[in-house]
There are 4 protein chains.
Amino acid sequence: MDPAINPRKKPKQERARATYEAILEAAARILVRGGLDALNTNRVAEVAGVSIGTLYQYFPTKQAILTEIIREKRKLLLDDLRVASDNMKNETFDETLDKLLSAAIAHQLRWPKLARILEFAEAFLPLEAETNELNLAIHDVVADFLTHAGHPEPDQNARDLVSALRGLIDAAGLAGETDSAALFTRVKKLATGFLAHDQ
Amino acid sequence: MDPAINPRKKPKQERARATYEAILEAAARILVRGGLDALNTNRVAEVAGVSIGTLYQYFPTKQAILTEIIREKRKLLLDDLRVASDNMKNETFDETLDKLLSAAIAHQLRWPKLARILEFAEAFLPLEAETNELNLAIHDVVADFLTHAGHPEPDQNARDLVSALRGLIDAAGLAGETDSAALFTRVKKLATGFLAHDQ
Amino acid sequence: MDPAINPRKKPKQERARATYEAILEAAARILVRGGLDALNTNRVAEVAGVSIGTLYQYFPTKQAILTEIIREKRKLLLDDLRVASDNMKNETFDETLDKLLSAAIAHQLRWPKLARILEFAEAFLPLEAETNELNLAIHDVVADFLTHAGHPEPDQNARDLVSALRGLIDAAGLAGETDSAALFTRVKKLATGFLAHDQ
Amino acid sequence: MDPAINPRKKPKQERARATYEAILEAAARILVRGGLDALNTNRVAEVAGVSIGTLYQYFPTKQAILTEIIREKRKLLLDDLRVASDNMKNETFDETLDKLLSAAIAHQLRWPKLARILEFAEAFLPLEAETNELNLAIHDVVADFLTHAGHPEPDQNARDLVSALRGLIDAAGLAGETDSAALFTRVKKLATGFLAHDQ
DNA sequence: AATGAATGAGATTTCATTCAT
DNA sequence: AATGAATGAAATCTCATTCAT
């Protein structure tokens with residue numbers, strides 16, 4: 001484990017856990033308001049209401065904070081997607097697809113700006129194996145779904161579908177759209193159009 | 001004109017023009033190699049082979065350099081798309097579509113990392129009206145194409161199609177793909193699938 | 001509070017207080033030795049024996065340092081003048097006047113060059129309301145004295161008297177005079193001559 | 001003659017003279033608008049409408065420009081004072097005094113801010129012998145006047161009177177006063193009060 | 001465990017001055 | 001004589017990180 005991008009210690013006590021979360025939350029809030037440029041450790045500590053020394057008790061570097069936020073968000077998405085596809089054996093293709101798309105939309109529209117920043121950071125950060133595994137797991141959920149639906153080339157198609165959807169949903173989020181129902185319609189159109197092609 | 005993100009002066013003499021271009025090229029190269037974090041004015045001047053003072057004769061801030069690169073690239077893409085759709089009245093839908101997609105792919109695969117960085121930067125930079133107009137013009141080319149093809153809701157669909165395509169092509173570029181023919185097939189599939197839905 | 005000319009934070013701990021004062025003292029010393037041109041943050045930090053980073057913990061800009069010095073000196077003068085005129089009800093006109101003039105002379109001759117520089121800087125700095133209030137308070141002390149002495153138009157005369165005295169004492173200080181007794185004689189002559197006119 | 005603060009060459013031709021004056025005028029205007037800090041050679045050249053290269057044809061350094069402005073203004077004042085005291089042998093004390101005071105007031109109120117800046121710069125600049133001679137000549141005019149009036153210690157008193165008057169008129173100018181008649185009354189009061197003391 | 005004062009490398013930017021054309 | 005492109009030393013300021021208390 002690269003010590004430079006991993007938390008120094010996971011909090012054990014109650015108070016420590018609160019501090020730890022406060023730091024991550026502060027960093028997220030700063031990212032949303034001011035973008036990557038505005039993220040600096042002093043400010044994070046200040047917004048979190050802890051001293052800079054305390055911050056460094058938990059995170060050895062600034063990157064570690066960013067990485068941890070990415071990990072958290074990725075984990076949330078993975079969990080939601082797993083829940084969404086949990087029961088695909090007993091559902092129609094469309095039922096599961098809808099749940100997957102809804103999960104993705106909900107995830108992105110929650111903090112559109114943050115999501116966009118994290119995606120960018122992810123692409124240029126030296127990510128930990130563990131975080132990459134999360135991304136792989138996400139891909140697997142979609143690939144599994146396509147496989148189960150009898151789709152050809154599930155790997156490639158899963159990758160492309162996810163990329164395209166991400167592009168669409170990202171743009172909508174950044175443009176300030178909040179009507180997830182309206183967005184869902186267009187997202188569904190994109191997904192089914194793309195997948196229908198191979199039938 | 002916000003003085004913070006616009007060139008201080010356009011070069012008049014021959015020598016100055018070369019310097020100006022060298023700076024932009026150096027900045028682009030640095031972005032490709034090291035990402036946004038690696039971009040600093042000292043390094044740009046060094047790579048461009050000019051003094052830091054010279055750099056600041058032309059660009060008042062680092063952001064101005066970034067903005068100018070975005071403007072240039074956007075303009076290139078717009079021009080290519082316009083050429084691609086120039087003759088749509090005498091062509092089939094598919095002929096023009098193929099040319100548009102090819103242009104987009106070529107544009108993105110040329111400098112995938114740079115393209116991604118510029119898109120990100122664009123989303124967080126206070127862009128000039130003029131640069132925003134370029135983006136609007138790009139959208140218009142696609143919307144015009146859809147209109148001409150008798151497609152419903154050309155505006156919304158142009159926006160969505162562009163976003164989705166961008167997501168797909170970006171990801172391919174970042175993943176290191178260089179086979180534009182192979183990518184074209186998948187991109188075409190996405191586009192036609194999405195558009196077919198409305199027919 | 002204009003963030004550009006006010007201290008970033010007042011020191012809380014003992015060590016910090018010492019640092020804060022060291023910075024102001026260093027700046028003052030530099031001004032005395034080399035004038036406004038010699039004042040730069042690197043040199044101030046160096047002379048103060050702290051790192052440049054530490055300096056910026058307390059003062060966000062160079063101007064903030066200058067402003068704070070002005071504030072301190074103005075406050076000292078105001079306090080001295082107040083003490084000097086404290087007991088005017090029980091003193092003769094001349095007794096109080098002498099004390100006021102002595103205070104002014106002492107103040108100016110202590111650091112003649114610094115005093116001159118600060119006055120100049122003051123005239124071109126966007127001073128805070130608070131600092132302007134100090135100047136007003138100084139004026140009020142003199143105006144009150146004139147009022148108490150039954151002098152006509154105490155406001156205008158206080159202003160003019162202070163300006164003229166300042167001109168005389170400044171010049172003496174800059175010329176290198178150190179004999180405050182000799183200076184006092186001439187200053188007194190100026191003051192009484194000016195005030196006698198209205199009797 | 002220190003080459004660093006003297007004009008490189010006095011203009012001979014008509015066009016050159018215009019350029020030379022334009023540079024000095026531009027510098028003066030910049031000083032009035034932005035103070036000493038705003039004065040930089042590139043800006044002076046720009047405002048003067050000449051290239052930076054041309055500016056350096058006439059002035060070897062920035063200081064040379066400032067010095068020349070001071071020289072010009074001092075010379076103007078000296079001339080005016082000489083004219084004012086020209087005929088003192090045939091005039092009453094008061095007549096000549098009034099003319100001298102009026103000249104000083106007119107001089108200062110013309111560009112109060114500029115006058116203040118130049119005085120400050122003068123005090124901290126390594127002035128040329130020639131410029132110092134101008135100052136001495138000014139002092140001599142006043143001292144001669146006092147001598148002629150039979151005043152004791154004309155040197156010391158001339159110095160003090162000039163300093164005090166300068167303080168008063170400066171402050172008035174900086175405060176935005178433009179009514180020279182009103183100012184004259186107060187200035188006269190100061191002068192006569194001061195001088196009466198010795199009778 | 002927490003604090004916050006302190007550090008200093010390094011980034012941005014200015015501007016007096018030179019020099020090739 | 002004039003131009004203006006180019007220089008680079010030096011100034012301002014930031015921020016990730018350390019460490020004494």
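Basis for what follows: all heavy atoms, side chains included, without hydrogens, waters or symmetry-related copies. Every chain is numbered from 1, with letters handed out A, B, ... down the list of sequences.
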Touch class at under 4.0 angstrom, heavy-atom based, for C:Arg43 against every strand present: nothing
Options F:dC15, F:dA11, E:dA6, nucleotide nearest the side-chain atoms of C:Asn40: F:dA11
Result block: side-chain N/O donor-acceptor pairs under 3.5 angstrom for residues 24-49 of chain A, not counting sequence neighbours:
residue : atom : partner : partner atom : Å
A:Asn40 : OD1  : A:Asn42 : N            : 3.2
A:Asn40 : OD1  : A:Arg43 : N            : 2.8

Nearest heavy atoms of B:Leu134 and B:Arg74, plus distance in Å: CD1-CB, 3.9 Å
Minimal non-hydrogen separation, C:Gln57 against C:Arg8, with atom names: O-CB, 3.4 Å
Which nucleotide in F:dT3, E:dT12, E:dT18 has an atom nearest any side-chain atom of B:Tyr56: E:dT12
Short side-chain N/O contact to F:dA1 OP1/OP2 from D:Thr19, under 4.0 Å: no
B:Arg116 versus A:Glu119, closest heavy-atom pair with distance: NH1-O, 4.0 Å
Whole-Å gap separating P (E:dG4) and OH (C:Tyr20): 18 Å
Whole angstrom value for the distance that separates P of F:dT7 from CD of B:Glu46: 13 Å
Parallel, tilted or perpendicular: rings of B:Tyr20 and B:Tyr58 (30°, 60°): perpendicular
Interatomic distance, B:Leu66 CG vs E:dT12 P [rounded to whole Å]: 12 Å
Touch class at under 4.0 angstrom, heavy-atom based, for D:Leu55 against every strand present: nothing
Out of E:dA2, F:dT17, F:dA2, whichever nucleotide has its closest atom nearest the side chain of D:Ser51: F:dA2
Nearest-Å distance for atom pair CD1/C1', residues B:Ile65 and E:dA11: 13 Å
Closest-nucleotide 5' rank along DNA chain F - winner of B:Lys9 and B:Gly53: B:Lys9
N/O donor-acceptor pair, side chain D:Gln57 with base F:dA2, under 3.5 angstrom: yes
Salt-bridge present (A:Arg71, A:Glu68; N to O < 4.0 Å): yes
Whole angstrom value for the distance that separates P of F:dC13 from NZ of C:Lys62: 8 Å
Comparing B:Arg15 and B:Ile52 on DNA chain F - which has the more 5′ nearest nucleotide: B:Arg15
B:Thr41 vs E:dT13: side-chain N/O to OP1/OP2 distance below 4.0 Å: no
Most 5' of C:Val50 and B:Gln63 on DNA chain E, judged by nearest nucleotide: C:Val50
Least distance between heavy atoms, B:Phe120 atom then A:Ile117 atom: CE1-CA, 3.8 Å
Interatomic distance, C:Phe124 atom CZ to D:Leu174 atom CG [nearest 0.5 angstrom]: 6.0 Å
Touch class at under 4.0 angstrom, heavy-atom based, for C:Tyr58 against every strand present: sugar-phosphate
Whole angstrom value for the distance that separates C1' of F:dA11 from CG of D:Asp37: 13 Å
Separation of F:dT17 P from A:Ile23 CD1 (nearest whole Å): 14 Å
Spacing of CD1 belonging to A:Ile65 relative to CD1 belonging to A:Ile70, to within rounding of 0.5 Å: 12.0 Å
Touch class at under 4.0 angstrom, heavy-atom based, for B:Arg17 against every strand present: nothing
Distance in angstrom units between A:Leu39 CG and F:dA16 P, rounded: 7 Å
Strand DNA chain E as a dot-bracket string - pairs counted if Watson-Crick or G-U with both distances under 3.5 Å, | where the partner lies in another strand: .||||||||||||||||||||
side-chain N/O C:Arg8 vs E:dA5 OP1/OP2, d < 4.0 Å: no
Any C:Thr54 side-chain nitrogen or oxygen under 4.0 Å from OP1 or OP2 of E:dT7: yes
Sugar-phosphate, base or nothing in reach of B:Asn42, heavy atoms under 4.0 Å: base
